[in-house]
Amino acid sequence: SVHTVQLYSDMTTRDLLQRRVTNEAGDTVWQCTALMQAAKDGGVAILDGVDKLKPGCLAYLQRLLVDGEVALYDGGIFKTQEEFDLLRQKLQCSEEELNAQK
């Protein structure tokens, strides 16, 4: 899938990765942005306006795109599939069990 991500000059690292939303129960939860959804799904993210980002946002974007790992605001850590599989084998747990951990 293809996700277009509109970027702007006053965007923060949080704006790149996750946003706070209210669920049906009225609780505030973190929701992945289109960029993170593309990363999780193995999709494509078109970064429109990447030239406008502040250096701090670009550094965080590098961690995701080059290093394949980034800390999320909900307490989770995004890792490449390869790293995820190695961690799962080391901990001897299922994919669901590892995804449930923060």
Side-chain angles (χ1 to χ4, degrees):
S1 63
V2 177
H3 301 269
T4 300
V5 182
Q6 300 294 327
L7 306 173
Y8 45 92
S9 60
D10 59 345
M11 187 171 244
T12 66
T13 55
R14 187 181 79 179
D15 297 328
L16 278 174
L17 306 175
Q18 292 181 312
R19 63 184 176 163
R20 300 284 281 174
V21 296
T22 305
N23 65 14
E24 293 142 8
D27 299 322
T28 304
V29 295
W30 289 103
Q31 182 181 63
C32 288
T33 62
L35 173 63
M36 286 309 302
Q37 202 57 55
K40 287 181 176 184
D41 297 343
V44 174
I46 299 170
L47 304 177
D48 186 14
V50 72
D51 58 308
K52 299 174 185 171
L53 290 178
K54 295 177 188 172
C57 285
L58 289 172
Y60 227 72
L61 195 55
Q62 176 189 346
R63 286 198 41 91
L64 175 64
L65 300 177
V66 177
D67 303 336
E69 181 176 311
V70 68
L72 301 174
Y73 287 89
D74 66 358
I77 299 174
F78 178 84
K79 292 185 172 287
T80 63
Q81 186 67 48
E82 182 178 301
E83 288 290 323
F84 181 83
D85 291 340
L86 287 172
L87 185 58
R88 191 172 54 82
Q89 289 173 2
K90 182 179 178 181
L91 297 174
Q92 297 180 345
C93 63
S94 70
E95 185 173 332
E96 293 78 22
E97 290 171 326
L98 190 54
N99 277 328
Q101 296 180 15
K102 295 277 181 187

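These numbers come from the heavy atoms of this one structure, side chains and all, not from hydrogens, waters or symmetry mates.
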Distance, nearest 0.5 Å, that separates NZ of K54 from CG of L7:
13.0 Å
Using 0.5 Å steps for rounding, measure from the CD atom of Q37 to the CD atom of Q18.
10.5 Å
Can you get from F78 to L58 by hopping between Ile, Leu, Val, Met, Phe, Trp and Tyr side chains that sit under 4.5 Å apart?
yes
For the student: nearest non-hydrogen atoms of C93 and R88, plus distance:
O-CG, 2.7 Å
From OG1 (T13) to CG (L72), nearest 0.5 Å
11.0 Å
d(Q31 CD, D74 CG) to nearest 0.5 Å is 11.5 Å
According to a 4.5 Å side-chain heavy-atom criterion applied to Ile, Leu, Val, Met, Phe, Trp and Tyr, with indirect links allowed, do Y8 and Y60 form part of one hydrophobic cluster?
yes
Closest non-hydrogen atoms of L16 and L53, given as atom of the first, atom of the second and distance, are CD2-CD1, 4.5 Å
Min side-chain heavy-atom separation L64-M36 under 4.5 Å:
yes
Could you grab the distance from atom OH of Y73 to atom CG of D15, nearest 0.5 Å is fine?
8.5 Å
To the nearest 0.5 Å, what is the distance between CD (E82) and CG (L86)?
6.0 Å
Between Q89 and D85, do the side chains contain a donor N or O and an acceptor N or O under 3.5 Å apart?
no
Are more than 12 heavy atoms, taken from residues, nucleotides or ligands other than R20, located less than 6.0 Å from that residue's CZ atom?
yes
Okay, side chain of T4, backbone of I46: is any donor-acceptor separation there less than 3.5 Å?
no
Applying a strict under-4.5 Å side-chain criterion to I, L, V, M, F, W and Y, I'd like to know whether L17 and V29 cluster together.
no
Flag if over 12 foreign heavy atoms under 6.0 Å of CZ, R14:
no
What about M11 and V70, same hydrophobic cluster or not, with Ile/Leu/Val/Met/Phe/Trp/Tyr joined at side-chain heavy-atom distances under 4.5 Å?
yes
Return yes if some donor-acceptor pair links the side-chain N/O of E97 with the main-chain N/O of S94 below 3.5 Å, else return no.
yes
